[in-house]
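Here the structure comes first, spelled out in structure tokens, and everything after it is commentary.
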Amino acid sequence: MAKPKIKEKRWTVDLEKKIQEEHFSNKERYSFNPNSEKEIFVIDTPPPYPSGTWHIGAVAQYSMIDVIARSQRLLGKEVYFPWGVDRNGINIEFTVEKKTGRKMKTYDRAEFLDLCREEIEKYTQEMRNIAKRVGLSCAYDQEYLTDAPDYRSVTQSIFIDLFKKGAIVEELRPNLYDPVEGTTIAEAEVERLSRKTKLVDVRWSVTGDSKHEPVIISTTRPELICACGIVLVHPDDSRYQHLVGKSLDLPLPTAGRSKSVEIKAHPSVNMEFGSGVLMVCSFGDQNDVSVFRELGLTPFQAIDLEGKITELGDSLSGMLVLDARKKAIEILESEDKIENLVERDQEIPVSERGKNPIEIILLKEWYVRQTHIQERMKELSNEINFIPSRNKQFLLDWMENITIDWPVSRRRWYHTEIPIWYSEDRTKVVTPPHGTYVQPWKDSPPSDSVVLDRETCKELGKYEDLKSELGSLEGEEKVFDTWMDSSNSNLYVSGYLSNPKLFDRAFPTGVRPQGKEIVRTWLYYTLLKSTLLLDKPGFANVWIDGLGMDPWGRKMSKSLGNGIDASSVLECGFGGRTGSWKIKGPEGKQVALQAKKIGSECFRFWKAADAQVGDDFQINPEQIELRYFGVLTKIFNVGRFASQFEFDGDLDTIPDDLENEDKWILAEFSDLLEKAKTGYSELDIYTAAQGIKTFSTGVFASHWLEMAKTRLYNDDASATWTLHRIFRDLLSILSPVCPFFTHHLSTTLYEKSSVEIDVFPESPISDTKSWTDITESLVDFNSVVWKAKKDAGVSLAAPISGHNVPDSLKDIESALVSMHKLED
RNA sequence: GGGCCGGUGGUCUAGGGGUUAUGACGUCGCCCUUACAAGGCGAAGAUCGGCGGUUCGAUUCCGCCCCGGCCCA
């Protein structure tokens, strides 16, 4: 018996970290070769948005995407697992504003962009570190940044293509608008908050009929009375039919508009709400918008870009919405026009990022048309395989709810610029050629730009040639919604525009992995793009994971203060460091958790084997350690044990004189290989990981190893071959889940790292059934004997009599006799 | 209000018309058996959220309800 080749007595986080650092010192380790002969598999990695710390739930999701990448490599594919960082957007603008205490618009634009770029770079480095720490096998040497010229030029080129196709329009429309941040937002960015508002019952008088009793209209937005275009009652509401056709005087002073409005019947009125009479203003909510559109009314511009009431509001003009509301109530009160006033809870729409109440105002913006193409999108999404299939419903539900086109222009700065210059007479536009990143707010068009007719989008000629006819150009100052960039990620990583040959092979993109919380944004917009641009489904597979929940079963979020920082888990156990977490629960409850050692391998194993894809998963570091570190220790020790038995022969050639008990475990192992292969192929990590865990700690370690021990000590060839063949291949199929762990064991024992294996291990036994049929009785028999020894108070190594090997186990009788020291 | 998911020993969970209802952690008892005490073996512990229905038989299927979560109006 030789000394074990594996020196370490156990797996430690210190060892893990050492391996990790060596691992990524080779920068090309996980490079992507687009010219490979292998089948190409592109993963549309969600580019993380750098914002300080990385959330443990997100890191859990990424580590499972890595399991997909690694398992696809193991299945023989050329995998592109891109490393991208999403850096555009309002978040970094907020961060810089907060840090410097100055609002964006007080800066010079170029100066502000520099500050953003510097700031985001700091956070980006932190992301790269965590990505490597958790073992993501990304092509780091091919990193992409969404704010880099090459990425932004793709966004701009796609915009121009869609514009030429008529899929993008510029129009004056009612828009969701955040007055505090001064920018348009999309439906997908709207959130609802419950707030206390005053519901005011206002008395309106019938025009030219002072004898008529006043009409009561309930509203939460009296400041918008100046924008009222019509008053509606329900056609079935018998209380008000006599009013239809009459007019009402506006109860507040206005300027520059008629002082009264007509009353009409309309089915959208809720008879139960308030008095059952509804004033429709431009624009109090989405219903107002559709009523204005339907009845062809001319909207009023009651709120300006700063969120202040316009001159329309007469004495309210210049006031912020909330102040104007207060003042409006005061005026109404002083004129005795308030019938009743109650405080109530109301769900109001706010912007997701700034939590500011949203106004709907008329703005000239760029829109990606989407309402016309929902049916086609639905057809194309039927060609995509959703994992798990039920999560497709999130997408379908959202598509049902699309009511307006997607406004993509924003009045912000650290985003991709809209690549357009306008001619002096505004009838023509200049657009840059494909692949050129432009900043129209400060640059002139590149010389090879083209001129388009603004209405028809037809190409009129080269910019060079038409320059003189355009007059002085004005560059567009607006930028794109960041989803306009993010929704190109699959096109970008699949080689769209940059590598047509690759694109041909790689599109639709292999898999889009993502969390279910961004189905309505990232997934939806990406599919919209591929439908509009290529009329194709964007992906072969969409893999939608659940959310990380706290130990109380609630979603982890900043606002609840129940999040766990990724590095506290990954570094737990490094250099003797322990982890402790205090996690706030509902109603002031709090739980304190502690762990001694976790690290990336334990964490990944837990996520892979403990939660089905798409299910929400509770993250409890204490449980992760308790349930999975022991599994690692167990497998590590099997390796250490195996490493004392030298095997010089060829592990790939199956000996023809295998013992029966070895055939049995090889059969069990063959079944596991089959199961893991199917699991990995179908992106079902859970089944694969569970199977590996159960096999390695169960029948393999507890039953077969005990049976084979004696023979191993006696250098039995069959036992040694079986042990090493299984352990080597076991490491290979575990490597997608625990790359550092298996890398260490496989390089020490078999000279080749399991993370480099690109052929899925072959089953050593083909007809497994006759052997696996005995597993149950074998496990039972062992239990019976062990229990008998225990009851008799003898050691497990002591001989025992009176136990006969059952008929079903006759094939391995001698192994059982020597294992248990059975005597007659 | 709508959609989706879930409710199984103290905790987390598997399963799915007939099982002795799976496993893990915890608890308790025994064992340092030459890989592993960061182990091993064993024991206790569950009227499978409630009420109805289908069925010879329901924890499983159906309906309603209750509770929790997420998403959306």
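The chains referred to below are lettered A, B, ... by the order of the sequence lines, with proteins before strands, and numbering in each begins at 1.
In the set B:rA38, B:rA14, B:rC70, B:rC70 carries the atom at the smallest distance from any side-chain atom of A:Leu547. When each of B:rG3, B:rA38, B:rC41 is scored by its nearest atom to the side-chain atoms of A:Ser702, the top-ranked nucleotide is B:rC41. Nearest nucleotide to the side chain of A:Lys597, out of B:rA38, B:rC41, B:rC36: B:rA38.
To the nearest whole angstrom, the two P atoms, one in B:rU27 and one in B:rU11, are 15 Å apart. For the C1' atoms, the distance linking B:rC51 with B:rG9 amounts to 24 Å, nearest Å. Nucleotides B:rA38 and B:rC71 have their P atoms positioned 42 Å apart, rounded to a whole Å. Distance check on atom C1': B:rG68 versus B:rC32 gives 46 Å, rounded to whole Å. Using atom P as the reference point in both B:rG50 and B:rA43, the two lie 29 Å apart (nearest Å). Straight-line distance between the C1' atoms of B:rU59 and B:rG6: roughly 15 Å, to the nearest whole Å. Between B:rU13 and B:rA21, the two C1' atoms lie 13 Å apart (nearest whole Å). Using P as the reference atom, B:rU8 and B:rU47 are 11 Å apart when rounded to the nearest Å.
For the pair A:Leu396 CG and B:rC71 P, the computed distance is 19 Å after rounding to whole Å. Remark: C1' of B:rG7 and CG of A:Asp616 are 14 Å apart, rounded to the nearest angstrom. A:Trp398 has its CH2 atom 11 Å from the C1' atom of B:rC71, to the nearest Å. For the pair A:Trp552 CH2 and B:rC12 C1', the computed distance is 15 Å after rounding to whole Å. In this structure, CZ of A:Phe700 is placed 16 Å from P of B:rC36, rounded to the nearest angstrom. Taking atom OH of A:Tyr524 as the reference point, atom P of B:rC72 lies 15 Å away to the nearest angstrom. Computed from coordinates, the A:Asp715 CG to B:rU34 P distance equals 19 Å when rounded to whole Å. Atoms CG (A:Asn637) and C1' (B:rG40) sit 13 Å apart, rounded to a whole Å.
Judged by distance alone, the side chain of A:Asp14 and the main-chain N or O of A:Phe574 form no donor-acceptor pair under 3.5 Å.
At the heavy-atom level, A:Arg390 lies under 4.0 Å from the strands shown only through sugar-phosphate atoms. Within the 4.0 angstrom heavy-atom criterion, base atoms lie near A:Ala701. Within 4.0 Å (heavy atoms only), A:Tyr686 reaches sugar-phosphate atoms of the nucleic acid but no base atom. Residue A:Leu705 is in base contact, counting any heavy-atom pair closer than 4.0 Å across all strands shown.
Taking for each of A:Gly553 and A:Val638 the nucleotide of RNA chain B with the nearest heavy atom, the 5'-most of the two is the partner of A:Val638. Along RNA chain B, the nucleotide nearest A:Gln393 and the nucleotide nearest A:Arg554 are compared for position; the residue whose nucleotide lies closer to the 5' end is A:Gln393.
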Could you write nucleotides 24-31 of chain B as a row of B, S and -, 5' to 3', where a protein heavy atom under 4.0 Å of any base atom gives B, of only sugar-phosphate atoms gives S, and otherwise -?
SSS--B--
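No donor-acceptor contact under 3.5 angstrom links the side chains of A:Ser600 and A:Gln20, judged on distance only. The closest side-chain donor-acceptor pair between A:His803 and A:Glu823, if any, does not fall under 3.5 angstrom. With hydrogens and angles left out, the side-chain atoms of A:Ser735 and A:Thr742 include no donor and acceptor closer than 3.5 Å.
Remark: A:Gln594 CD is loosely packed, at most 12 non-hydrogen atoms of other residues, nucleotides or ligands lying under 6.0 Å away.
OP1 or OP2 of B:rC71 has at least one side-chain nitrogen or oxygen of A:Lys555 nearer than 4.0 Å. A close approach under 4.0 Å does not occur between any side-chain nitrogen or oxygen of A:Lys516 and OP1 or OP2 of B:rC5. Taking only side-chain nitrogens and oxygens, A:Ser783 comes nearer than 4.0 Å to OP1 or OP2 of B:rG42.
Rounding to the nearest 0.5 Å gives a distance of 11.5 Å between CD of A:Glu751 and CZ of A:Arg728.
Residues forming a side-chain contact (heavy atoms from CB on, under 4.5 Å) with A:Lys709 (at least two apart in sequence, or on another chain): A:Phe641, A:Glu706, A:Tyr713.
With a cut-off of 3.5 Å on both pairing distances, the Watson-Crick or G-U wobble partner of B:rC64 is B:rG50. Base pairing of B:rG42: its partner is B:rC28, meeting the Watson-Crick or G-U wobble criterion (both donor-acceptor distances under 3.5 Å). Using Watson-Crick or G-U wobble geometry with both donor-acceptor distances under 3.5 Å, B:rU20 finds no partner in any strand shown. The base-pairing partner of B:rU34, taking Watson-Crick or G-U wobble contacts with both distances under 3.5 Å, does not exist among the strands shown. Across every strand in view, B:rC4 sits in a pair with B:rG69 that passes the Watson-Crick or G-U test at under 3.5 angstrom.
Using a cut-off of 4.0 Å between Lys/Arg side-chain N and Asp/Glu carboxylate O, A:Lys597 and A:Glu571 are scored as not salt-bridged. Taking 4.0 Å as the cut-off between side-chain N and carboxylate O, A:Glu625 and A:Lys596 do not count as a salt-bridged pair.
Side-chain N/O atoms of A:Lys787 and base N/O atoms of B:rC41 include no donor-acceptor pair closer than 3.5 Å.
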Can you check ring pair (Phe, Tyr, Trp, His ring centres under 6.0 Å) on A:His724 and A:Tyr750, steps first, answer last?
CA-CA 9 Å; A:His724 283 291; A:Tyr750 308 112; 5.7 Å; yes
